[in-house]
Amino acid sequence: MIQGKVIAITRSKDDSEEFTQLISDAKAKAISLPTIELVSKGNDMVDEFLDAIKIDDPDYSVFMSSKAVKLLFDTAKKISKYEKLQLAVANTTVIAVGPKTKSALELEGIRVSHVPDRFSSVGVGEVFTTLNAEGKKAIIPRSGASTPFLAQLLEKIGLKVKEVYLYDVKSSSALSYWVEFKELFSQNKVDGIIFTSASSVRAFFDIMLSDYDEKTLKQHLGKTTIIAIGPFTADELKKFEVKPITADVHTVYGAVESIKNCFC
């Protein structure tokens with residue numbers, strides 16, 4: 001039973017409302033850990049994106065996170081290029097990696113044509129295999145910390161891919177939110193941790209290794225149920241010699257269901 005367990009997620013409080021609700025409904029305790037902060041590339045990223053669309057004339061725009069959507073459109077508003085950005089994106093066939101990203105795009109007045117069944121890079125690739133997209137062009141606005149997997153996958157399918165980097169990520173400086181977690185973790189009272197991205201894995205270790213030596217940290221993690229939201233997150237955890245359980249469905253809901261099953 002998950003009831004009474006302490007479960008953490010590597011997201012800020014604002015970004016983990018669904019997780020908190022699901023864990024609270026299960027009568028367990030939820031802890032939100034802000035692991036990463038976005039470092040925007042600045043106003044120039046809008047011009048870079050618009051220039052890329054003008055020069056490459058892509059058939060598809062692929063958005064891989066709601067954060068990328070918000071950052072791009074909010075920056076366009078600040079520099080009075082919002083309508084120009086809307087039009088540029090609307091003139092492509094838009095693909096969103098998942099429902100949250102789709103909602104973020106729709107809030108900006110963008111129609112989303114496709115959302116994969118699997119909310120991941122692999123799922124996006126599966127969408128393209130149904131579109132007869134060989135020889136077409138795609139633009140992907142994303143993080144500088146992203147892996148090249150998606151671009152390589154789409155190129156194998158036969159697309160020409162342009163990636164535009166909107167932001168980098170760094171470890172969160174909001175360490176006051178970690179005090180309760182670290183205290184419980186030191187006492188082996190954290191029952192489970194859900195890791196939501198490869199970046200959050202790297203930031204988690206960066207933050208925790210300021211207070212723990214590597215051996216002690218891994219010993220405590222070995223007594224904790226570790227869930228990776230998807231395969232790339234799982235691969236990153238394995239680099240730190242942590243053996244996670246990978247959620248069958250690569251969403252917060254899927255990760256929570258996976259951790260609930262561990263305590264049945």
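Sorted by first then second residue, the salt bridge (Lys or Arg N to Asp or Glu O under 4.0 Å) pairs that include residues 250-264, not counting sequence neighbours, are Glu257-Lys260. Within the structure, every pair that satisfies the ring pair (Phe, Tyr, Trp, His ring centres under 6.0 Å) test and touches residues 11-68, not counting sequence neighbours, is listed here: Tyr60-Phe128.
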>> Could you walk me through whether Leu184 and Ile31 satisfy the side-chain contact (heavy atoms from CB on, under 4.5 Å) test, starting with their C-alpha distance in whole Å, then the side-chain angles of each, then the deciding distance to 0.1 Å, before giving a yes or no?
In response: CA-CA 11 Å; Leu184 292 170; Ile31 297 179; 3.8 Å; yes

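Under the side chain to side chain contact (heavy atoms under 4.5 Å, CB included) criterion, Lys81 pairs with Val46, Asp47, Leu50, Ile79, not counting sequence neighbours. In terms of the salt bridge (Lys or Arg N to Asp or Glu O under 4.0 Å) criterion, residue partners of Asp15 (sequence neighbours excluded) are, by chain and number, Lys67. For Phe204, the ring-ring contact (aromatic ring centres under 6.0 Å, His included) partners two or more places apart in sequence, or in a different chain, are Trp178, Phe195. Residues meeting the ring-ring contact (aromatic ring centres under 6.0 Å, His included) test with Tyr253, sequence neighbours left out: none. Remark: Glu126 engages Arg118, Val122 in a side chain to side chain contact (heavy atoms under 4.5 Å, CB included) (not counting sequence neighbours). Judged as a ring-ring contact (aromatic ring centres under 6.0 Å, His included), and not counting sequence neighbours, the contacts of Phe240 are Phe205. Annotation: salt bridge (Lys or Arg N to Asp or Glu O under 4.0 Å) contacts of Lys5 (sequence neighbours excluded): none.
In the hydrophobic clustering, Leu87 connects to no other residue, as no ILVMFWY side-chain heavy atoms lie under 4.5 Å from its own.
A donor-acceptor pair under 3.5 Å is absent between the side-chain atoms of His250 and the main chain of Phe119, judged by distance alone.
Proximity of Ser121 to Phe232: side-chain heavy atoms (C-beta onward) are separated by under 4.5 Å at one or more points.
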Can you give me every donor-acceptor pair (side chain of residues 35-45, partner residue at least two apart or in another chain, under 3.5 Å) with its distance?
from	atom 1	to	atom 2	distance (Å)
Thr35	OG1	Thr10	O	3.4
Glu37	OE2	Ser173	N	2.7
Glu37	OE2	Ser173	OG	2.6
Ser40	OG	Gly42	N	2.9
Lys41	NZ	Asp168	OD2	3.1

Donor-acceptor contacts, no H, no angles, side chain residues 158-167, under 3.5 Å, sequence neighbours left out:
from	atom 1	to	atom 2	distance (Å)
Glu163	OE1	Tyr165	OH	3.1
Glu163	OE2	Arg142	NH1	3.1

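Judged purely by distance below 3.5 Å, without hydrogens or angles, the side chains of Arg202 and Ser200 never pair a donor atom with an acceptor atom. Remark: the Ser258 side chain and the Asn261 side chain contain no N/O donor-acceptor pair separated by less than 3.5 Å.
Taking CZ of Arg11 as the start and CD of Glu18 as the end, the distance is 8.0 Å to the nearest 0.5 Å.
Using a 4.0 Å cut-off between charged side-chain N and carboxylate O, Glu134 and Lys156 make no salt bridge. Salt-bridge formation is not detected for the pair Asp57/Lys137: no Lys NZ or Arg NE/NH1/NH2 atom is positioned less than 4.0 Å from an Asp or Glu carboxylate oxygen.
Ring geometry for Phe185 against His220 counts as tilted: the plane angle lies between 30° and 60°, on a 0 to 90° scale.
Within 6.0 Å of CD in Glu17 there are 12 or fewer heavy atoms belonging to other residues, nucleotides or ligands.
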